[in-house]
Amino acid sequence: MISAKETQELEKEYGNLFEIDANLDRLVHRIELLGYVNPLNIEKEKQRFFTSKYTVEPEFKYPKLKFDPYKLHRLFFSQRLERINDERIRRLYQEVIYHYSNMIQCIETIGKGKKFYYNSLRVYGTPTERDVQNAKFILHFTDEPASSDMEKVFSPEEACDYFESFSKQYDFPLNVRFSKNMAAEAMVSNSSQTLLIKKNIKFSKNQLLTLANHEIGVHLVTTYNGLLQPLKIFSNGLPKNVETQEGLAVFSEYMGGALTLKRLKELAYRVLAADSLIKGYSFADTFDLIHGQYKLNKHEAFGITLRAHRGGGFTKDRLYLSGLRKIYKRYQSEESLDVLLTGKVALDDEEMVRYLKTVGLAQPITHKGLSFNQKLNTNLTLDFILNNLK
C-alpha cells in the first residue's frame, strides 16, 4: 500500500495525469451498466411467459437514467489528454475514455432492441466458434447425481451471515444490501463496494460457497486492491477487463472446491444463449433451445435466457467460460496470477501494469486471492474438461 508522502510526490510529478484520473473517477461512478440492465419486472414477466406456454415475448421495464448521456459523453471527451506527457499512459487513457463512451451508449440504448445489442457487441463481443464448441463439449457430459449440498434451503438472511463469516479471512469490510431486481443471485456493485444479495430466493450450500469464492474472493479483492492503487482507473476498470475478471472468479470457485459440473454447464448454456442472439433468436427461441432441446428445467432456462436477452441482447455472459479457459491455462503454466488482482485489469494489460509499477504509478497487491493457494477441487471430471478445452 502506498504512503501519503509517496502519493504527494507522485501527484507533484504527474499533476496533469492525477487531475484527469480524478475527473474520470467522478464521471465513471454514474455509469454502472449492471445497475441499469437488470429489469424491474422479472417475476411478473416470468409468470406471463410461463402462462403463455413459452410463446409471449416478455416486456421488460428498466430503471430510468440518472444522467444525461450527451452531456456525459462531452465531459469524457473534454479531458485534455495532451497534457499527459508519457505517451504510453496517454494512449491508455484514450482507450479508457473510448471504453466508457461505449458503456454510456450501451446504457442509453437499454430496452431499444438491436441498438442495445450492437452496442453490447462493441463492449463484450460475441462467442467465437471455438467458444461454442467448448460449450457443446461440456454439455456432452452426463449430469452428476444430486447431493444435499445442492438443495436450496438457505434464506437471503442466512446467505448474508455466511458471506459475513467467509469475508472475515480478508482484511477489508463487507457491505451487504438486499435487492429484488437482479438477474444474478448475488453480485458486487463496484462503485459502492457492496455485495448485493437477491431477495425472495433460496440458496444451496454449494451456491453459497460458489458465490463467496466468486464475489468476495475475486470481485471484492480486485475492487479493494484497485482502490489502494495511486490511480483510480484500477478500481473503475481498464477496457476489456471482464473476461479476465470473470475467469479469475470462476477459477476461484474451482480452487475453493465449489465448482461443479452443473455450474460448468450453466456457463456453457450462457455461451449458447449469447450465440443465439447473433442468429436472430427471439427470447422464446433461446428459451426453447435451452429448455426444449437441452432439457434444462424451465426456471434455470428462463434465468439464462433472461441474462442473454436483457436490455435487447447482452453478450457479457459469453466471457465466463473463455475467461476460465485462459486463467486455467495460465495456472497450468505456473505463472503468478497476482498482477491480475491489481484491480479491474485484463490479461492484455499485464505489460502496462508492470510499466506503471516501474514509474511508481502501480503498487503490489494488498489483498490476495486466498483460494488460489488451496486447490480444493477433487472432481476429476472437471480436471479432464478444463484440460481439454480448446
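Remember, it's a predicted structure, so these values are computed and weren't measured experimentally.
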Can the ring centroids of Y224 and Y170 be said to lie less than 6.0 angstrom from one another?
no
Taking the side chain as C-beta and beyond, is there a heavy-atom pair between L321 and R270 under 4.5 Å?
no
So how far is it from L24 CG to L231 CG, rounded to the nearest 0.5 Å?
10.5 Å
Would E300 and H291 count as having a side-chain donor-acceptor pair, cut-off 3.5 Å?
no
Can you hop from V56 to I42 via hydrophobic side chains spaced under 4.5 Å?
no
Let's go through Q207 and D149 carefully: what are the C-alpha distance in whole Å and the side-chain angles of both, what is the deciding distance for side chain to side chain donor-acceptor pair (under 3.5 Å) to 0.1 Å, and is it a yes or a no?
CA-CA 8 Å; Q207 211 173 5; D149 283 1; over 6 Å; no
Which distance, rounded to the nearest 0.5 Å, do you find between the CZ of F166 and the CG of L211?
10.5 Å
If the threshold is 4.0 Å, N to carboxylate O, is there a salt bridge linking R91 and E87?
yes
If I take atom NZ from residue K298 and atom CZ from residue F50, how far apart are they, to the nearest 0.5 angstrom?
5.0 Å
So, the side chain of T315 versus the backbone of G125: is there a donor-acceptor pair under 3.5 Å, distance only?
yes
Closer than 4.0 angstrom, basic N to acidic O: yes or no for R90 and D86?
no
Less than 4.0 angstrom from a charged side-chain N to a carboxylate O is my criterion; do K232 and D21 meet it?
no
I'd like to check K316 versus E246 (side-chain heavy atoms, cut-off strictly below 4.5 Å). Are they in contact?
yes
When rounded to the nearest 0.5 angstrom, what is the spacing between CG in L208 and OG in S165?
11.0 Å
State, yes or no, whether a side-chain contact exists between E108 and Y70 at a heavy-atom distance under 4.5 Å.
no
Is any NZ, NE, NH1 or NH2 atom of the basic residue among R48 and E45 found under 4.0 Å from an Asp or Glu carboxylate oxygen of the other?
yes
Rounded to the nearest 0.5 angstrom, the CD1-OH distance for I278 and Y117 is 4.0 Å
Do K64 and Y36 meet the criterion of a side-chain donor-acceptor pair at a distance under 3.5 Å?
no
Geometric cation-pi criterion, R88 with Y355: 6.0 Å, 45°
yes
salt_bridge(R263, E266) N-O dist < 4.0 Å
yes
With a 6.0 Å cut-off (strictly less than), is the heavy-atom count around CG of D171, excluding the residue itself, greater than 12?
no
Ring centers of Y124, F314 separated by less than 6.0 Å:
yes
Quick check on side chain to side chain contact (heavy atoms under 4.5 Å, CB included): which of Q332, R325, K326 does Y328 satisfy it with?
Q332
Side chain proximity check, L389 to I138, heavy atoms < 4.5 angstrom
yes
If I take atom OG1 from residue T126 and atom CG from residue L121, how far apart are they, to the nearest 0.5 angstrom?
6.0 Å
Does N190 form a side chain to side chain contact (heavy atoms under 4.5 Å, CB included) with K344? I'd like the steps, not just the answer.
CA-CA 10 Å; N190 188 43; K344 307 295 180 187; 3.4 Å; yes
Would a 4.5 Å heavy-atom cut-off, applied to side chains only, mark I365 and V221 as touching?
no
With a 3.5 Å cut-off and no angle check, do the side chains of D383 and N377 form a donor-acceptor pair?
yes
Please name the pair of heavy atoms, one in T342 and one in Q363, separated by the smallest distance, quoted to 0.1 Å.
CG2-O, 4.2 Å
With the side chain counted from C-beta on, respond yes when D288 and Y54 share a heavy-atom pair under 4.5 Å apart, and no when they do not.
no
Any chance NZ of K61 has more than 12 other-residue heavy atoms, nucleotides or ligands included, within less than 6.0 Å?
no
Close side-chain approach of Y281 and D275, heavy atoms under 4.5 Å:
no
Is it true that E19 and R83 make a salt bridge, defined as a side-chain N closer than 4.0 Å to a carboxylate O?
yes
Closest non-hydrogen contact found for G247 with I327 is C-CG1, 3.7 Å
Closer than 4.0 angstrom, basic N to acidic O: yes or no for D143 and K262?
no
Carboxylate-amine/guanidinium contact E350 R330, below 4.0 Å
yes
Do S235 and Q229 pair up side chain to side chain, a donor and an acceptor below 3.5 Å, judged on atom types alone?
no
Is there a donor-acceptor contact under 3.5 Å linking the side chains of E43 and Q47?
no
Between E144 and T260: side-chain donor-acceptor atoms closer than 3.5 Å:
no
With a 6.0 Å cut-off on ring centres, are F49 and F283 close enough?
yes
Give a yes or no answer on whether the side chain of Y269 reaches the backbone of I290 with a donor-acceptor pair at less than 3.5 Å.
no
A side-chain contact here means heavy atoms from C-beta on lying under 4.5 Å apart; do R310 and V37 qualify?
yes
Around atom CG of D348, are there more than 12 heavy atoms from other residues, nucleotides or ligands closer than 6.0 Å?
no
Between the side chains of K240 and H99, does any donor sit under 3.5 Å from an acceptor?
no
Test item: side-chain donor near acceptor, S191 and E32, under 3.5 Å:
yes
Indicate the atoms forming the closest heavy-atom contact of A184 with R307, along with that distance.
CB-NH1, 3.6 Å
Are Y118 and L33 linked, directly or through intermediate hydrophobic residues, by side-chain heavy-atom contacts shorter than 4.5 Å (ILVMFWY only)?
no
How about H214 and S252: does a side-chain donor come under 3.5 Å of a side-chain acceptor?
no
Is a donor on one side and an acceptor on the other found under 3.5 Å between the side chain of E253 and the backbone of N213?
no
Pair Y331 and F372, ring centroids less than 6.0 Å apart:
no
With a sphere of 6.0 Å drawn around NZ of K265, does it hold more than 12 non-hydrogen atoms of other residues, nucleotides or ligands?
yes
Just checking, is any N or O donor in the side chain of N241 or D349 under 3.5 Å from an acceptor N or O on the other one?
no
Decide if atom CZ of F77 counts as having more than 12 heavy atoms of other residues, nucleotides or ligands within a radius under 6.0 Å.
yes
Taking the six-membered ring of F154, is the NZ or CZ of K205 close enough (under 6.0 Å from the centre) and on axis enough (within 45°)?
no
If I compare all heavy atoms of G360 with all of L10, which pair ends up nearest, and what's the gap?
O-CD1, 3.1 Å
Ion pair present between R318 and D131, side-chain N to carboxylate O less than 4.0 angstrom?
yes
Go through the steps for F203 and Y162 under the test ring pair (Phe, Tyr, Trp, His ring centres under 6.0 Å), then give the verdict.
CA-CA 11 Å; F203 297 82; Y162 179 92; 9.9 Å; no
So, for P239 and E95, which heavy atoms are closest and what is the spacing to 0.1 Å?
CG-O, 3.7 Å
Might you confirm whether atom CD of E82 has over 12 heavy atoms from other residues, nucleotides or ligands at distances under 6.0 Å?
yes
